[in-house]
There are 2 protein chains.
Amino acid sequence: MTVTLADVAARARVSPATVSRVLNGNYPVAASTRERVLRAVEELDYVLNGPASSLAAATSDLVGVLVNDIADPFFGIMASAAQSAIGEGGSGRAGGEKLAVVCNTGGSPERELTYLTLLQRQRAAAVILMGGSLEDPEHLAATAAKLARMAEAGTRVVLCGRPPVPGDAHLAALVFDNRAGGRRLTEHLLGLGHARIGYVAGPADRTTTRHRLEGHREALAAAGVAEGPTVHGSYDRAAGHAAVAELLAREPELTAIVAANDTVALGVCAALRERGLSIPGDVSVAGFDDLPFSVDAVPALTTVHLPLHESGVRAGRLAMGTEDAPPTGTETIPGALVVRDSTGAPRA
Amino acid sequence: MTVTLADVAARARVSPATVSRVLNGNYPVAASTRERVLRAVEELDYVLNGPASSLAAATSDLVGVLVNDIADPFFGIMASAAQSAIGEGGSGRAGGEKLAVVCNTGGSPERELTYLTLLQRQRAAAVILMGGSLEDPEHLAATAAKLARMAEAGTRVVLCGRPPVPGDAHLAALVFDNRAGGRRLTEHLLGLGHARIGYVAGPADRTTTRHRLEGHREALAAAGVAEGPTVHGSYDRAAGHAAVAELLAREPELTAIVAANDTVALGVCAALRERGLSIPGDVSVAGFDDLPFSVDAVPALTTVHLPLHESGVRAGRLAMGTEDAPPTGTETIPGALVVRDSTGAPRA
DNA sequence: GCGACGATAGAAAGCGCTTTCTGTCGCAGA
DNA sequence: TCTGCGACAGAAAGCGCTTTCTATCGTCGC
């Protein structure tokens, strides 16, 4: 039926062992023999049986990349970068590259766990978890335990944009300094003279949401400015759009709005415009992440630039073992304030 | 070392065969036995060995989703939709769901083939190819041959947003009517009175690019209007931004620009603004796809709406076998013209 | 009360590869 | 000329699961 390694061996008049060695290239094989085998592979159009190979070798070429929302460019960019780093990373076993696969958890803890189990089943070579996680203690513990078990079984685990919890402490982690970014953004607004600042936060109980919000509050506290209204929502445009009405209802004198991220900021801008408010004339708006479209937005978005691509690449390299993990395990990646046109001094 | 099925069997005082049957739930097992086994699984924290399972059963739970650019929401939305349909689709073998994994080809034919081989190695249950392909005859033939072989080996193959080539004729395919969409868009512009229309196309030799462009030309021809300048580039914002200068150089009297897609359109708008041209006052701009950000763009983009989410879901169901393939194999999905603020009548 | 049948469960033969353990052969060194 | 070693290749033992083929047992029909 299907062509097996034994068929190739027969055709090349060598033993299956030799064929395997040629294919995996990790054992000396005479050039002439190698060529004979390769020719047979070619002629028979042989494709290695992955499961059989993984079973015998007790590892696979799979690298899992878990993201919260694949339709969000924030994750798309990081995942894409990681995937290219993994591909470039040279050959895995079986003469091939690693198969980087991205799994969309939709931010659901259950799906995250399901995917981890599936990857564990497949004896994945590595797994990268991207993006903040839910801060539910039970979930965190379950995930940490599973990751620990996978790591123990030889799977390399990398966190990217996700802070390690105590149980994860030994894993390689790249974390964005969301708190400092949030602080800087608000300081910028404060510096312009804003004193009534609304905040559209992401889903409560998410690490990213909390850190950004904390940074915001730190800046406010340091400046002795009272906190404005805050509303929580998802990380999409609709959330930003919907939040404006509530923010304005709670604080009609608002002169600035900080959004959970750039996508949310876009929704905020749209809602503001619908109400006839100009940006930044009437209300300044700031985002976070600096996604590709942010520079083209009208007005161009003031935001915090995160090196998404670079981080994704590094995560990929860490997963491949091409790059050493940061000494302490965790590395904090700073964001850079990017001031554009969507923020300005409040009207006197 | 690791817990195996035999360990579970020993603990539950049954044979390995019974444990397997409990886990796969496709054979009658007495309730009491089943429960004993399940308890042992629980206590031992057993995780099925995927490769071993796939090897013995000759199939796996993997479903591959190939996309051209994972960082592009166009693909993100479809992939996400497909993935959820696949997840919802109930249990695969081994009491688990299918593992939908998305693979980023970056539009490269080589990587596409590499991923297909890897998926073939893994004996994937299904594979979905999303997005247009390169129109290189050699590549097309190689891909078609590989897909045919995979289909023959039991892998379900689905095309989504990608026209089947002769060799693919038997595969289930969902294809967007890019030609009609392109035609309608240009008809809209023509109807407004535009007669000098520039076109920013995607990469040449891509099916999507060609079909959209052909639709554009059809409309022009039908109206007896001369074709304006066309420039080719990638499907990103930078391409749109860069194209404007050339378009304007070749036809200074331009009153409208059609972009390859919404992302490109955004770049076009930005470049136009930088030159002090107003939209649609000086130049009308139209996109394609209707991505989420398009409605928030300023001005809101006139575009062709493609049911990305719905198509992704259907592709997922086709891959799961939950939904029947269209009778002829290929189904054409129409796009809907959405007129917003970025197009208007040209200045007299 | 006997043979038969349905419901369960076990035995065992692989699935297709990797890899350790053994050779075999040719040649350098003594 | 003989020993020893390096280079290469084969034999064979699994890897951990699925599944067919069998065996057992309680029960039902007559």
Side-chain angles (χ1 to χ4, degrees), chain A residues 1-38 40-41 44 46-61 92-96 118 120-123 125 153-154, chain B residues 1-38 40-41 44 46-61 92-96 118 120-123 125 153-154:
Chain A
M1 183 170 153
T2 357
V3 180
T4 73
L5 182 142
D7 299 332
V8 175
R11 170 130 200 168
R13 322 194 112 265
V14 297
S15 71
T18 301
V19 177
S20 174
R21 294 199 263 252
V22 168
L23 262 23
N24 290 296
N26 50 14
Y27 196 88
V29 172
S32 64
T33 310
R34 140 173 289 106
E35 212 213 313
R36 201 143 36 90
V37 169
L38 257 18
V41 166
L44 260 29
Y46 169 68
V47 176
L48 184 68
N49 181 315
S53 168
S54 298
L55 171 58
T59 47
S60 77
D61 286 340
R93 45 177 302 93
L118 256 15
Q120 190 180 11
R121 268 208 210 334
Q122 300 298 326
R123 306 301 190 248
Chain B
M1 203 199 121
T2 356
V3 181
T4 72
L5 182 142
D7 299 332
V8 175
R11 171 128 197 168
R13 321 192 114 268
V14 296
S15 72
T18 301
V19 177
S20 175
R21 295 200 261 251
V22 169
L23 261 23
N24 290 298
N26 50 11
Y27 196 88
V29 172
S32 63
T33 310
R34 140 173 288 107
E35 212 212 316
R36 203 142 36 90
V37 169
L38 257 18
V41 166
L44 259 29
Y46 169 69
V47 176
L48 184 68
N49 181 316
S53 169
S54 299
L55 172 58
T59 48
S60 78
D61 286 341
R93 46 176 300 94
L118 256 14
Q120 190 181 11
R121 269 208 208 334
Q122 301 299 324
R123 308 299 189 248

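Values in this document were obtained by computation on a predicted structure and should not be read as measured data. Order of the sequence lines fixes the chain letters, A, B, ..., with proteins taken first and strands second; residue numbering starts at 1 for each chain. Note that these values count all heavy atoms, side chains included, but never hydrogens, waters or copies made by symmetry.
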Can you sort out the partners of B/Arg36 under side-chain hydrogen bond (donor to acceptor under 3.5 Å, both in side chains), two or more places apart, ordered by chain and number?
none

So, using side-chain hydrogen bond (donor to acceptor under 3.5 Å, both in side chains) as the criterion, who are the partners of A/Arg11 when residues are at least two apart?
A/Glu43

Find the distance [X]:[atom1] to [N]:[atom2] and express it as a whole number of Å.
X        : N      : atom1 : atom2 : result
B/Arg121 : C/dC17 : CZ    : P     : 11 Å
A/Leu23  : C/dG16 : CG    : P     : 16 Å
B/Leu5   : C/dG10 : CG    : P     : 12 Å
A/Leu55  : C/dT18 : CG    : P     : 11 Å
B/Asn49  : C/dC17 : CG    : P     : 16 Å

Distance in Å, [X] [atom1] paired with [Y] [atom2], rounded so as to fall on 0.5 Å steps:
X        : Y       : atom1 : atom2 : value
A/Leu118 : B/Leu48 : CG    : CG    : 10.0 Å
B/Leu55  : A/Ser54 : CG    : OG    : 10.0 Å
B/Arg34  : B/Thr18 : CZ    : OG1   : 11.0 Å

Counting the atoms with a prime plus P, OP1 and OP2 as sugar-phosphate, which does A/Val14 contact under 4.0 Å by heavy atoms, base, sugar-phosphate, or nothing?
sugar-phosphate

Would you classify A/Ser20 as touching base, sugar-phosphate or nothing, given that sugar-phosphate means primed atoms plus P, OP1 and OP2, and contacts are heavy atoms under 4.0 Å?
base

Side-chain atoms of A/Thr18 come closest, of D/dG10, D/dT18, C/dG10, to D/dG10

Minimum-distance nucleotide (side-chain atoms of A/Pro28 versus D/dC17, C/dG10, D/dC8):
D/dC8

Just report the end-to-end axis angle for the helix from C/dG1-D/dC30 to C/dA30-D/dT1, five pairs per end, to 10 degrees.
30°

Can you tell if the side chain of B/Val19 reaches within under 4.5 Å of the side chain of B/Pro16, non-hydrogen atoms only?
no

Evaluate the side-chain proximity of B/Val41 to B/Leu23: yes if any heavy-atom separation is below 4.5 Å, no if none is.
yes

Considering non-hydrogen atoms only, spot the tightest contact between [X] and [Y] and give its length.
X       : Y       : answer
A/Val29 : A/Arg21 : CG2-CB, 4.0 Å
B/Val3  : B/Val8  : CG1-CG2, 4.4 Å
B/Ala12 : B/Ala40 : CB-CB, 4.0 Å

Protein-nucleic acid N or O pairs under 3.5 Å, nucleotides 20-28 of chain C:
residue : atom : partner : partner atom : Å
C/dT20  : O4   : A/Arg21 : NH1          : 3.2

Identify, with sequence neighbours excluded, every residue that meets side-chain contact (heavy atoms from CB on, under 4.5 Å) alongside B/Val47.
A/Gln120, A/Arg121, A/Arg123

Mind checking side-chain contact (heavy atoms from CB on, under 4.5 Å) for A/Ala30 and listing every partner two or more places apart, or none if nothing turns up?
A/Ser32, A/Thr33

Phosphate oxygens OP1/OP2 of D/dG16: is one of them under 4.0 Å from a side-chain N or O of B/Thr4?
no

Phosphate oxygens OP1/OP2 of D/dT18: is one of them under 4.0 Å from a side-chain N or O of B/Ser53?
yes

What nitrogen or oxygen pairs link the protein and nucleotides 23-28 of chain D at under 3.5 Å?
none

Closest-nucleotide ordering on DNA chain D, the 5'-leading residue of A/Arg123 and A/Arg13
A/Arg13

By nearest heavy atom, map B/Val29 and B/Ala52 onto DNA chain C; which one lands nearer the 5' end?
B/Val29

With side chain to side chain contact (heavy atoms under 4.5 Å, CB included) as the criterion, how do B/Asn49 and B/Thr4 come out once you've worked through the C-alpha distance, each side chain's angles and the decisive distance to 0.1 Å?
CA-CA 8 Å; B/Asn49 181 316; B/Thr4 72; over 6 Å; no

Contacting residues from residues 30-38 of chain B, given that a heavy atom lies under 4.0 angstrom of DNA chain C
B/Ala30, B/Thr33

With A/Tyr46, the side chain to side chain contact (heavy atoms under 4.5 Å, CB included) member among A/Asp7, A/Val37, A/Leu5
A/Leu5

